[in-house]
Amino acid sequence: MTAEEKNITRAELAEAVYHEVGLSLNESAKLLDMVLEEVSRALEKGDTVKLSSFGSFSVRNKKMRMGRNPKTGVDVPISPRRILSFHPSHILKNQVNQKK
């Protein structure tokens with residue numbers, strides 16, 4: 001990670017809500033937790049979560065397939081699984097590209 005890159009933590013998001021909305025810091029953290037929990041629950045059920053001007057999260061089912069161990073070259077079955085994907089909105093893409 002370079003000096004420019006930064007990870008935003010849950011605490012920092014809660015603090016941003018605190019400054020923008022005016023709730024107490026504790027209430028802001030609870031609100032953030034409630035929103036994230038609701039998003040998680042929807043994704044667990046297989047629903048798509050669309051956040052206007054931000055993007056959408058969706059869950060896809062991947063079938064079982066054969067892969068190959070790169071060290072040994074032996075074929076290995078890859079079990080079926082669910083994957084989470086995020087598709088940014090065109091508004092978010094434009095915002096990110098303008099900040100270069």
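Note that the structure is a prediction, hence the values are computed from the model and not measured.
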Visitor: Give me the atom names and distance for the closest heavy-atom approach of V17 to L31.
Guide: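 Taking every non-hydrogen atom into account, CG1-CD2, 4.2 Å.
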Visitor: Honestly curious: do V39 and F86 fall in one hydrophobic cluster under the side-chain, below-4.5 Å linking rule?
Guide: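 Yes.
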Visitor: Name the residue from N26, L32, D33 that meets the side-chain contact (heavy atoms from CB on, under 4.5 Å) definition with K30.
Guide: N26
Visitor: Once rounded to the nearest 0.5 Å, what's the spacing between atom NE2 of H90 and atom CD of Q95?
Guide: 10.0 Å
Visitor: List the atom of A14, the atom of S28, and the distance in Å for their closest heavy-atom pair.
Guide: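 That closest heavy-atom pairing would be O-CB, 3.3 Å.
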Visitor: Around atom CE of M66, are there more than 12 heavy atoms from other residues, nucleotides or ligands closer than 6.0 Å?
Guide: yes
Visitor: If you count heavy atoms of other groups shown closer than 6.0 angstrom to NE2 of H19, is the number above 12?
Guide: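 Yes, enclosed.
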Visitor: For the backbone of A29 and the side chain of R10, can you confirm whether one donor and one acceptor N or O come within less than 3.5 Å of each other?
Guide: no
Visitor: Less than 4.0 angstrom from a charged side-chain N to a carboxylate O is my criterion; do E38 and R41 meet it?
Guide: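 Result for this pair is yes, salt bridge flagged.
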Visitor: Would you tabulate the side-chain donor-acceptor contacts of residues 56-65 under 3.5 Å, counting partners in other chains and residues two or more places apart, or write 'none'?
Guide:
| from | atom 1 | to | atom 2 | distance (Å) |
| --- | --- | --- | --- | --- |
| S58 | OG | S85 | OG | 3.1 |

Visitor: Do V49 and L51 have side chains that get closer than 4.5 Å, going by heavy atoms?
Guide: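 They are in contact (side-chain heavy atoms under 4.5 Å apart), so the answer is yes.
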Visitor: Of all heavy-atom pairs between L92 and P88, which one has the smallest distance, and what is that distance?
Guide: CD2-CB, 3.9 Å
Visitor: Which heavy atom of R82 sits nearest a heavy atom of L43, and at what distance?
Guide: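 So the two residues come closest at NH2-O, 3.4 Å.
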Visitor: Hey, what do you get for NZ (K93) to CD1 (I91), rounding to the nearest 0.5 Å?
Guide: 12.0 Å
Visitor: If I compare all heavy atoms of I78 with all of R81, which pair ends up nearest, and what's the gap?
Guide: CG2-NH1, 3.4 Å
Visitor: Residues in side-chain contact (heavy atoms from CB on, under 4.5 Å) with S40, at least two apart?
Guide: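 Per chain and number, S40 pairs via side-chain contact (heavy atoms from CB on, under 4.5 Å) with no residue.
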